[in-house]
There are 2 protein chains.
Amino acid sequence: MKNTATRDKLIDSGAQLISQQGYNATGINAVLKTCGVPKGSFYHYFSSKEDFGLAVIERFAASYDETLMALLEDNDTPPLERLKRYFAAGREHMHECDHATGCLIGNLGQELSGQSDTFRDALNLVFQRWEQRFVRCLEDAQTRGDIATHSPPEALASFILTGWEGAILRAKTLKSVEPMEHFEKILFQQVLVPSS
Amino acid sequence: MKNTATRDKLIDSGAQLISQQGYNATGINAVLKTCGVPKGSFYHYFSSKEDFGLAVIERFAASYDETLMALLEDNDTPPLERLKRYFAAGREHMHECDHATGCLIGNLGQELSGQSDTFRDALNLVFQRWEQRFVRCLEDAQTRGDIATHSPPEALASFILTGWEGAILRAKTLKSVEPMEHFEKILFQQVLVPSS
DNA sequence: CCTAAAGTAGACCAGTCAGTCTATTGCTTT
DNA sequence: AAAGCAATAGACTGACTGGTCTACTTTAGG
């Protein structure tokens, strides 16, 4: 399995379609059609649709984790500013996709975690990795005295991730980033504040 | 269409299955099997699966709105206490379903708002109705001086609803209500506080 | 009591699903 | 050059999808 170009094409098309329509609504044939790959190749690289779905998750998570790291662990920028940039990037992406796709991991978490434990575990790990990035950024902010809250950074990180995911979901049904703006505003006005 | 017993059975079974597996993963035949209704009856009451799905949403929303009203507009209870009871009820439900179903409207919002505008509109309306209930409860709290925040109650309501929905999503993938507890704790410790 | 409509019943349809199968092509190693 | 494997290619399968069709049973109204 040296030639990964075909495999990559499949995963790219799959990620795109699954982002738009969800996992169950995306057929393998549709993926094959959009990238012009025959079925024989698909089952050469993946043992099943589930296997393929996990590969899509893995790849998305890896690529997303890179941008997350670049944003949240940029030590030249104050930690709260890094968070703001992260939110701004999310809002921008939401505009770009016309409020249609949102967050692939969030989508699949909603759709599949009740359907398959394998998927649930994989998605849970991705979320936990993201949370760790938030934790580190929040710890930075706490040691610098930028935030005064005594809440443990783990709880804050969970709060931020869930709030943001929920805001993305709401933005999708509302077709507007307004819920994301509300979340960010209240978060920085009342939760991540310097003096208690 | 006088006899609504069969129709109700279909909607009940549909709501249950869709809650567990999602809309796309739930086949009409599966619904028919679980409630022992023949296909002829299904298409007598509903013109299509989409029509059926909308009926399921409508019914769930109506029934849920009743409990929401009972909890959030109980004037014998302080507004913040009402909110706490709402969150407690949500956590309890999450335990009961073994962290598997979560919120039907949230699930469908994630799965379908990119797939069909009809569904998106219906789900958006439900969310907006819920937000209105929160707004009224928060206004109560503000006029009583229970919360000091100057944020408009509409923004706070959006913040609470999205945060809660996100926490439910995270609870599903984590199989634990911990994210819901984190959300509630930080919300009452740092956002809905009496003295600024 | 008869007629018409409401509702029940399930066989059936075309299309699609994930997945299998065999055949062929291209590349690498010996 | 030959052998062997990676990869391509797509026809094909059985199961299942949402939806249609016709026949039958029950109920309601005149």
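Order of the sequence lines sets the chain letters (A, B, ...), proteins ahead of strands, with each chain counted from 1.
Whole-Å rounding puts the B/His44 NE2 to C/dA6 C1' distance at 5 Å. Look at CG on A/Leu10: it is 13 Å from P on D/dA7, rounded to the nearest Å. When rounded to the nearest whole Å, the span between CZ of B/Phe46 and P of C/dT8 equals 11 Å. Distance CG (B/Leu32) to C1' (C/dA11): 14 Å, rounded to an integer number of Å. Rounded to an integer number of Å, the gap from A/Lys33 NZ to C/dT16 C1' is 12 Å.
Qualifying salt bridge (charged side-chain N to carboxylate O under 4.0 Å, His left out) partners for A/Arg136, counting only residues two or more places apart in sequence or in other chains: A/Glu73. For B/Arg59, the salt bridge (charged side-chain N to carboxylate O under 4.0 Å, His left out) partners at least two apart in sequence or on another chain are B/Asp8, B/Asp12. Residues satisfying the side-chain hydrogen bond (donor to acceptor under 3.5 Å, both in side chains) criterion with B/Glu165, sequence neighbours excluded, are absent altogether. By the salt bridge (charged side-chain N to carboxylate O under 4.0 Å, His left out) test, B/Glu111 pairs with no residue at all, sequence neighbours left out.
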### Task
Produce a footprint string for nucleotides 14-21 of chain D: one letter per nucleotide, 5' end first; B if the base is under 4.0 Å from any protein heavy atom, S if only the sugar-phosphate is, - if neither.
---SBBB-
What donor-acceptor contacts under 3.5 angstrom involve side-chain atoms of residues 154-164 of chain A, with partners at least two apart or in another chain?
unit_1	atom_1	unit_2	atom_2	d
A/Ser158	OG	B/His182	ND1	3.4
A/Thr162	OG1	A/Ser158	O	2.9
A/Thr162	OG1	A/Phe159	O	3.2

Name the atoms and distances for all side-chain donor-acceptor pairs under 3.5 Å in residues 92-100 of chain B, with sequence neighbours left out.
none

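Applying the salt bridge (charged side-chain N to carboxylate O under 4.0 Å, His left out) rule to pairs touching residues 181-195 of chain B yields B/Arg91-B/Glu184, sequence neighbours excluded.
Within the 4.0 Å cut-off from OP1 or OP2 of D/dT8, at least one side-chain nitrogen or oxygen of A/Thr6 is found.
Other residues, nucleotides and ligands contribute at most 12 non-hydrogen atoms within 6.0 Å of the CD atom of A/Glu58.
Comparing the end axes of the helix from C/dC1-D/dG30 to C/dT30-D/dA1, each fitted to five base pairs by superposing C1' atoms of four pairs onto the next four, gives an inter-axis angle of 0° (nearest 10 degrees).
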